[in-house]
Amino acid sequence: MADIRVRYAPSPTGHLHIGNARTALFNYLFARNQNGKFIIRIEDTDRKRNIEGGEKSQLKYLRWLGIDWDESVDVGGEYGPYRQSERLDIYQKYAKKLLETGHAYKCYCTEEELEREREEQRARGIVPHYSGKCRHLTKEEQERLEKEGRKPNIRFKVPEGKVVTFNDMVKGEVSFETKDISDFVIVKSDGWPLYNFAVVIDDHLMKITHVLRGDDHISNTPKQILIYEALGWEPPIFGHMTLIVNEQHKKLSKRDETIIQFIEQYEELGYLPEALFNFIAFLGWSPGGEREIFSREELIEIFDPKRLSKSPAVFDQKKLLWMNNQYMKKQDLDRVVELALPHLIKAGKISEKPTPEELEFARGVIALYQDQMSYGAEIVELSEIFFRDDIEYDEECQQVLNEEHTPEVLRTFLQEIEGIENFERDEIKAALKRTQKASGYKGKKLFMPIRVAVTGATHGPDIASSLALIGKEKTMTRIKKLLN
RNA sequence: GGCCCCUUGGUCAAGUGGUUAAGACACCGCCCUUUCACGGCGGCGACACGGGUUCGAAUCCCGUAGGGGUCACCA
């Protein structure tokens with residue numbers, strides 16, 4: 001078999017979306033697994049929709065996820081250019097060929113006319129369908145229309161009475177009848193190619209062997225195959241992956257606010273790219289077996305497109321949280337600090353240019369929460385008790401503080417810590433022990449008053465570690481304040 | 001509506017004619033932790049429905065229902 005060549009072809013109309021990231025990721029996994037080549041081509045033929053920086057952002061976040069490529073706009077390659085806007089002459093050449101061989105024709109209908117036609121069809125309850133009225137225009141008629149100032153677009157002449165069948169890598173055999181496909185535009189009146197046309201030319205010229213893309217492209221596939229046939233080319237192998245859907249089982253729409261959809265946002269929130277990579281790989285695919293945590297290398301090793309699911313996958317945010325936490329727990333503290341610290345700073349808990357003491361403190365706080373943190377930004381609410389100056393005791397706390405034995409516990413503990421020089425975890429633990437002996441209280445009765453008094457909360461990390469972090473001075477001040 | 005695709009617990013998902021129908025997330029309970037979290041153990045909970053084929057069907061066939069995708073001078 002020829003060398004496998006696959007591609008991811010984003011249009012720079014926005015930032016890297018979770019669905020596109022998945023398409024890219026599976027193509028990448030497939031290429032690497034097969035020792036093939038992974039190409040990124042920029043499909044920027046819709047100038048109205050392109051956004052500033054879209055292309056850069058796409059590539060940046062692909063890289064962030066740990067995906068690399070062999071040929072593209074930035075790394076070059078022998079089949080360039082890799083930006084469709086720079087290949088206009090190529091498309092023109094093949095459009096001309098299609099015109100000459102009678103596989104395409106010029107259509108002079110304006111957008112307004114077509115829209116009106118569709119409106120009428122809809123009103124009459126039939127499927128909007130191009131009538132094909134420009135199909136048999138004579139030379140004279142064409143000239144007359146052109147004199148009116150009309151600029152033609154080019155339509156592909158869909159052969160009649162044919163069945164287009166292809167063997168889809170994930171869906172199996174799929175067929176479409178050409179009677180359900182109307183003559184579609186391949187080149188706009190301004191000379192720019194349209195998706196269904198450009199994609200065929202490029203995939204062929206770039207020697208793409210497999211096209212793995214979203215399910216939403218499946219009805220484009222027969223159109224593209226028809227173009228391959230008209231040009232006398234061999235189509236690649238297609239595979240249409242099921243869509244990712246939201247909790248309402250609808251295709252993820254970019255406007256859907258209930259799900260964080262852009263990779264960029266995950267980076268901002270302090271997610272780990274390798275966790276996201278792992279998670280995305282399991283969106284509509286599974287290796288079989290019980291294991292779910294895999295590194296990128298392992299996924300490359302085991303990836304098999306035959307195991308791509310046929311039914312849509314709901315994007316389960318809670319599972320993502322869980323998975324990211326799995327990775328978070330295994331990271332070096334340095335890495336977790338890198339992810340979490342910026343959020344403490346942004347929230348104003350730590351100053352923009354932290355002093356060594358602040359840094360030390362933040363590190364300590366983050367270490368305490370590493371095992372339960374799902375993503376970096378979570379540290380802010382998690383560690384809230386470590387950043388308050390004046391504690392306000394809520395009702396639950398008040399209850400603890402109002403208990404009869406509380407003052408005695410606090411007083412005893414205060415005495416026991418007074419003499420501690422190194423206010424560290426072990427020393428505090430020892431003081432706790434002594435407090436227990438001296439006061440006669442143990443368990444909840446011993447710990448709760450202290451926890452509440454000093455942290456202002458009934459829950460939190462290990463009490464000794466917490467106090468060590470809060471420091472002797474604050475600990476004592478808070479207890480004293482209560483005792484008065 | 002036409003065309004195309006899909007249908008195993010709330011969610012993901014294993015399963016390819018014979019299984020007590022895995023596992024994970026979520027949820028619930030217990031244990032660990034003198035709190036919380038992490039972790040451990042356990043529980044809840046599924047083959048959309050109806051017909052076939054077969055000794056035997058989650059697995060094969062047909063139909064029904066439901067869901068989704070798509071019908072642009074967007075990609």
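Quick note on labels: first sequence line is chain A, next is B, and so on, each numbered from 1.
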| Do other residues, nucleotides or ligands put more than 12 heavy atoms under 6.0 Å from Glu148(A) CD? | yes
| query | Please give, in whole Å, the distance from A26(B) C1' to Glu247(A) CD? | reply | 11 Å
| What interatomic distance, in whole Å, is found between C1' of A46(B) and the corresponding atom of A24(B)? | 15 Å
| note | Letter by letter from the 5' end, nucleotides 30-38 of chain B scores (B base, S sugar-phosphate only, - none; protein heavy atoms under 4.0 Å) ----BBBSS
| Taking 4.0 angstrom as the limit, do Asp256(A) and Lys250(A) come out as a salt bridge? | no
| message | One thing to verify: whether Glu115(A) and Arg122(A) come together as a salt bridge, which I'm taking to mean a side-chain N less than 4.0 angstrom from a carboxylate O. | response | yes
| Distance (rounded to the nearest 0.5 Å) between Ser11(A) OG and Arg49(A) CZ | 5.5 Å
| said: From NZ of Lys306(A) over to P of A14(B), roughly how many Å is that when rounded to an integer? | reply: 15 Å
| Can you find a pair of side-chain heavy atoms, one from Phe156(A) and one from His103(A), that are under 4.5 Å apart? | yes
| query | Contact class for Arg124(A) vs. all strands (heavy atom < 4.0 Å): base, sugar-phosphate, or nothing? | reply | nothing
Could you list, one pair per line, each protein nitrogen or oxygen that sits under 3.5 Å from a nitrogen or oxygen of nucleotides 44-48 of chain B, together with the distance?
none

| task | Check the surroundings of atom NZ in Lys157(A): do more than 12 heavy atoms from other residues, nucleotides or ligands lie under 6.0 Å from it? | result | yes
| Could you state the CZ-C1' distance from Phe184(A) to C3(B), rounded to the nearest angstrom? | 16 Å
| said: For the C1' atoms, the ones on C47(B) and on A21(B), what distance do you get once it is rounded to whole angstrom? | reply: 8 Å
| said: Is any side-chain heavy atom of Phe197(A) closer than 4.5 Å to one of Tyr91(A)? | reply: yes
| Salt-bridge present (Lys133(A), Glu113(A); N to O < 4.0 Å) | no
| request: Decide yes or no for Phe413(A) and Leu467(A): does some side-chain heavy atom of the first lie under 4.5 Å from some side-chain heavy atom of the second? | output: yes
| task | For nucleotides U64(B) and A26(B), find the distance between their C1' atoms and express it as a whole number of Å. | result | 33 Å
| query | Mind checking whether Glu111(A) and Lys188(A) have side chains closer than 4.5 Å, heavy atoms only? | reply | no
| request: Could you tell me whether Arg291(A) sits above the aromatic face of Phe294(A), with NZ or CZ closer than 6.0 angstrom to the six-membered ring centre and within 45 degrees of the axis? | output: yes
| request: Would you mind classifying the nucleic acid contact of Gly214(A) as base, sugar-phosphate or nothing, using non-hydrogen atoms under 4.0 angstrom? | output: nothing
| field | Closest-nucleotide 5' rank along RNA chain B - winner of Gly284(A) and Val174(A) | value | Val174(A)
| Separation of the P atoms in C32(B) and A14(B), to the nearest angstrom | 38 Å
| query | Do Phe303(A) and Trp285(A) have their ring centres less than 6.0 Å from each other? | reply | yes
| Gln121(A) CD to G2(B) P: how many Å, rounded? | 16 Å
| field | From A26(B), C12(B), C4(B), nucleotide with atom closest to Ala313(A) side chain | value | C12(B)
Show me the protein contacts with nucleotides 22-24 of chain B, counting only N or O atoms at under 3.5 Å.
unit_1, atom_1, unit_2, atom_2, d
A24(B), O4', Glu292(A), OE1, 3.4
A24(B), O2', Glu292(A), OE1, 2.4
A24(B), O2', Lys319(A), NZ, 2.8
A24(B), N3, Lys319(A), NZ, 3.2

| query | Is it true that the NZ or CZ of Arg155(A) lies under 6.0 Å from the centre of Tyr130(A)'s six-membered ring and within 45 degrees of the ring axis? | reply | yes
| Which whole number of Å gives the distance between the C1' atom of C27(B) and that of A65(B)? | 30 Å
| Candidate pair Gln224(A) and Thr221(A), rule side-chain hydrogen bond (donor to acceptor under 3.5 Å, both in side chains), full reasoning | CA-CA 5 Å; Gln224(A) 293 169 18; Thr221(A) 307; 5.2 Å; no
| task | For nucleotides G66(B) and C73(B), find the distance between their P atoms and express it as a whole number of Å. | result | 32 Å
| said: His17(A) and ring-ring contact (aromatic ring centres under 6.0 Å, His included): which single residue from Tyr61(A), Phe262(A), Phe315(A) fits? | reply: Phe262(A)
| remark: So side chain to side chain donor-acceptor pair (under 3.5 Å) across residues 160-176 of chain A, not counting sequence neighbours, yields Lys162(A)-Glu229(A), Thr165(A)-Ser175(A), Asp168(A)-His240(A), Lys171(A)-Asp215(A)
| request: For G15(B) versus G23(B), give the span between their C1' atoms, rounded off to a whole number of Å. | output: 12 Å
| query | Could you give the NZ-to-P distance, from Lys171(A) to C3(B), as a whole number of Å? | reply | 18 Å
| said: What does the B/S/- profile of nucleotides 61-75 of chain B look like, 5' to 3', with a 4.0 Å heavy-atom cutoff to protein? | reply: -------SSSBSBBB
| said: Looking at Lys310(A), I'd like to know whether one of its side-chain N or O atoms comes within less than 4.0 Å of OP1 or OP2 on C6(B). | reply: yes
| Spacing of Ile244(A) atom CD1 relative to C5(B) atom P, expressed in whole Å | 22 Å
| task | Determine the interatomic distance between P on U7(B) and the same-named atom on U59(B); round to the nearest Å. | result | 12 Å
| note | Dot-bracket for RNA chain B, 5' to 3', Watson-Crick and G-U pairs with both distances under 3.5 Å, [ ] for crossing pairs, | for partner on another strand, reads (((((((..(((.....[....))).(((((.......)))))....(((((..]....))))))))))))....
| Under-4.0 Å salt bridge between Glu384(A) and Lys349(A) | no
| query | Can you check whether Asp394(A) reaches Thr458(A) side chain to side chain, under 4.5 Å on heavy atoms? | reply | no
